[in-house]
2 protein chains.
Amino acid sequence: MARIGIIGYGNLGRGVECAIKQNADMELVAVFTRRDPASVKVLTPGVTVASVADVADWKDKIDVMIICGGSATDLPKQTPEYAKLFNVVDSFDTHARIPEHFANVDAAAKAAGKVALISCGWDPGMFSLNRLYANCILPDGKDYTFWGKGVSQGHSDAIRRVPGVKNGKQYTVPVEAALEAVRSGSNPELTTREKHTRECFVVLEEGADAAAVEQAIKTMPNYFADYDTTVHFISEEELERDHAGIPHGGFVIRTGQTGWNGENKHVIEYSLKLDSNPEFTSCVIVAYARAIARLSAEGVSGCKTVFDIAPAYLSPMSGDEIRAHLL
Amino acid sequence: MARIGIIGYGNLGRGVECAIKQNADMELVAVFTRRDPASVKVLTPGVTVASVADVADWKDKIDVMIICGGSATDLPKQTPEYAKLFNVVDSFDTHARIPEHFANVDAAAKAAGKVALISCGWDPGMFSLNRLYANCILPDGKDYTFWGKGVSQGHSDAIRRVPGVKNGKQYTVPVEAALEAVRSGSNPELTTREKHTRECFVVLEEGADAAAVEQAIKTMPNYFADYDTTVHFISEEELERDHAGIPHGGFVIRTGQTGWNGENKHVIEYSLKLDSNPEFTSCVIVAYARAIARLSAEGVSGCKTVFDIAPAYLSPMSGDEIRAHLL
């Protein structure tokens with residue numbers, strides 16, 4: 001039985017709690033929060049809610065700590081800090097800063113004799129794995145990643161910062177024609193605009209100028225200016241009724257050639273269609289937490305990514321069982 | 001530079017040779033054949049063709065031997081035998097006999113201090129990996145594997161054994177409606193007949209009774225009786241012109257539920273569309289040969305499957321590079 005702790009009880013923390021319930025060999029023992037612990041109610045009976053300030057008291061009572069903070073400011077500090085006390089898993093997703101985060105976490109984990117896994121989830125995570133496998137199999141080829149249809153938290157936040165906007169949600173939508181062109185093996189060069197569209201559902205403040213809001217969104221640099229963006233104005237009730245979910249997903253495709261003269265074409269495609277982005281991310285994290293507990297028991301230490309973990313470590317089944325049933 | 005040998009120079013052996021050409025850190029040094037070596041012409045300049053009887057002479061000149069025999073009778077003997085002399089990779093695909101083959105190869109490889117990888121390719125192989133990952137991520141879910149559209153060698157052989165048949169080729173075709181039902185998350189229970197159809201292209205012997213041949217094919221137990229089978233009679237010229245390739249592919253899908261009450265649905269899908277089944281299988285094998293060479297250099301021995309190999313071992317890039325570019 002692997003004893004799991006959670007730091008941070010937002011959408012991701014709750015997702016991890018739900019995922020642990022589905023894995024009979026894992027047990028949630030405590031949730032740590034920056035809020036007043038008395039104000040946080042968890043779903044699992046018998047689980048302690050404690051202050052994150054007291055986390056060191058749990059040093060010998062938790063096999064793997066899952067850190068559910070944000071990538072912008074929480075994880076760069078939290079993961080190296082808690083890797084001094086626990087085996088840890090995070091979902092750090094700022095791709096450009098992964099090398100730096102890896103180095104910091106690796107130093108802390110090695111010094112403490114702990115194992116840390118960073119950047120776990122689906123992108124980075126399962127999408128990264130599929131990019132790696134496909135690149136190794138088809139060295140002469142081309143990669144494509146599409147996201148959606150799904151809610152982008154960053155773009156939804158950007159909409160909500162526009163003056164006159166009361167609330168809003170943004171969906172990233174892959175362009176079907178671009179997907180088809182990629183699958184055909186024609187190796188298209190696709191611009192940002194050709195790959196994805198952006199669809200916004202916006203609730204206006206009373207008296208706001210719809211045309212000005214639409215213009216402000218569509219021309220916003222980095223977020224929307226490079227895309228074909230649609231803005232729908234809806235009521236707060238419609239937003240709550242029709243857009244409460246956090247779906248996401250996407251496609252990783254590699255096309256390539258084999259044969260003495262590259263005469264044969266191949267398409268490898270991996271796709272996800274997710275009703276709940278944080279719950280699916282949590283499921284990936286919990287499977288890798290099992291692997292981390294095992295690696296730690298074998299005496300391994302330092303920082304790992306999904307690239308470093310043999311798949312068998314993720315499964316509750318024995319080697320004999322997975323060879324008999326899944327190979 | 002990993003020095004690679006090939007035992008058996010059929011479609012798979014030639015595919016391995018082509019794949020090695022695409023990998024700058026690998027070098028084909030010799031091809032071993034049961035035929036007269038003088039009768040075998042390989043594509044790569046400077047490569048020795050030798051008799052398989054002399055393979056022991058190459059003990060210290062080859063880092064990984066890729067065994068390209070058949071699963072029915074060759075590999076159960078060859079892989080344990082050559083694992084006494086070399087690190088080896090095979091593509092053993094008789095699913096039901098994998099546990100027995102694993103045990104035999106493991107004993108031989110361990111005794112010799114060699115590493116062996118069995119059942120490498122796409123099914124078993126990449127499809128197995130995707131079944132394992134998806135099962136670990138979504139414990140509450142259901143697996144589906146579909147094959148095709150592609151040529152089944154076994155079914156094509158079965159057609160050619162029917163009296164009155166001069167030549168023939170069989171395609172396994174997934175039923176689109178079944179795929180869509182699975183992707184919808186409705187967790188359908190699908191019969192053999194509902195999942196795949198079989199399409200046969202048959203060249204008759206002169207004077208053969210077409211109706212009798214068609215009846216014999218469609219009612220053949222194990223191979224065709226449980227499927228909706230279509231038989232097309234064509235000329236030898238048409239068969240050569242339109243059906244010379246060996247395409248294949250398929251789909252591994254897992255659907256599952258997450259959330260405290262299973263309220264959110266998810267679909268994980270992996271698919272392959274391959275112009276050449278043996279060349280793609282070869283590409284997977286060669287990527288894993290790189291991993292086996294590395295594991296051997298680390299002092300590992302015994303039998304492995306794709307489940308036991310951390311993905312980073314497959315890549316010619318360093319850990320820093322894959323984290324920076326693929327994570």
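All chains are named by letter (A, B, ...) in the order of the sequence lines, taking the proteins before the strands, and each is independently numbered beginning at 1.
Looking at Ile322(B), both its backbone and its side chain come within 4.5 Å of chain A, counting heavy atoms on both sides. Proximity to chain B (any heavy atom under 4.5 Å) is shown, for Asp308(A), by both the backbone and the side chain. Heavy atoms of Phe280(B) lying under 4.5 Å from chain A belong to its backbone as well as its side chain. At a 4.5 Å heavy-atom cutoff, Met317(B) makes no contact with chain A through either its backbone or its side chain. Residue Val306(A) touches chain B through both its backbone and its side chain, counting heavy-atom pairs closer than 4.5 Å. For Ser271(A), the parts sitting under 4.5 Å from any heavy atom of chain B are the backbone and the side chain alike. Both the backbone and the side chain of Ile268(B) come within contact range of chain A, judged by heavy atoms closer than 4.5 Å. For a residue to count as touching a neighbouring chain, one of its non-hydrogen atoms must lie under 4.5 Å from one of that chain's; by this rule Asp93(A) does not touch chain B. Both the backbone and the side chain of Leu274(A) come within contact range of chain B, with heavy atoms under 4.5 Å apart. Using a 4.5 Å cut-off between heavy atoms, Ile253(A) makes no contact with chain B at all. In this structure, chain B has no heavy atom under 4.5 Å from any part of Phe251(A). Looking at Thr255(A), neither its backbone nor its side chain comes within 4.5 Å of chain B, counting heavy atoms on both sides. For a residue to count as touching a neighbouring chain, one of its non-hydrogen atoms must lie under 4.5 Å from one of that chain's; by this rule Lys265(A) touches chain B with backbone and side chain alike. The contact between Leu327(A) and chain B is made by backbone and side chain atoms together, counting heavy-atom distances below 4.5 Å.
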(message) salt bridge (charged side-chain N to carboxylate O under 4.0 Å, His left out), that's the test. Do Lys149(A) and Glu176(A) meet it? Break it down for me.
(response) CA-CA 11 Å; Lys149(A) 181 182 176 175; Glu176(A) 192 58 40; over 6 Å; no

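Under the salt bridge (charged side-chain N to carboxylate O under 4.0 Å, His left out) criterion, the residue pairs touching residues 318-327 of chain A are Asp320(A)-Arg323(A), with sequence neighbours excluded.
The side-chain heavy atoms of Tyr288(A) and Ile309(A), taken from C-beta on, include a pair separated by under 4.5 Å.
When each of Tyr133(B), Tyr270(B), Trp260(B) is checked for heavy-atom pairs under 4.5 Å with chain A, Trp260(B) comes out on top. Ranked by heavy-atom pairs under 4.5 Å with chain A, the first of Gly319(B), Cys283(B), Ala324(B), Ser119(B) is Cys283(B).
By the 6.0 Å contact criterion, OH on Tyr9(B) is enclosed, its count of non-hydrogen atoms from other residues, nucleotides or ligands being greater than 12.
Residues of residues 12-20 of chain B placed with any heavy atom under 4.5 Å of a heavy atom in chain A are listed by number as Glu17(B), Cys18(B).
Residues meeting the side chain to side chain contact (heavy atoms under 4.5 Å, CB included) test with Asn135(B), sequence neighbours left out: Leu326(A), Arg131(B), Asp143(B), Arg254(B). Evaluation of the salt bridge (Lys or Arg N to Asp or Glu O under 4.0 Å) rule for Arg97(A) yields Glu100(A) as partners, not counting sequence neighbours.
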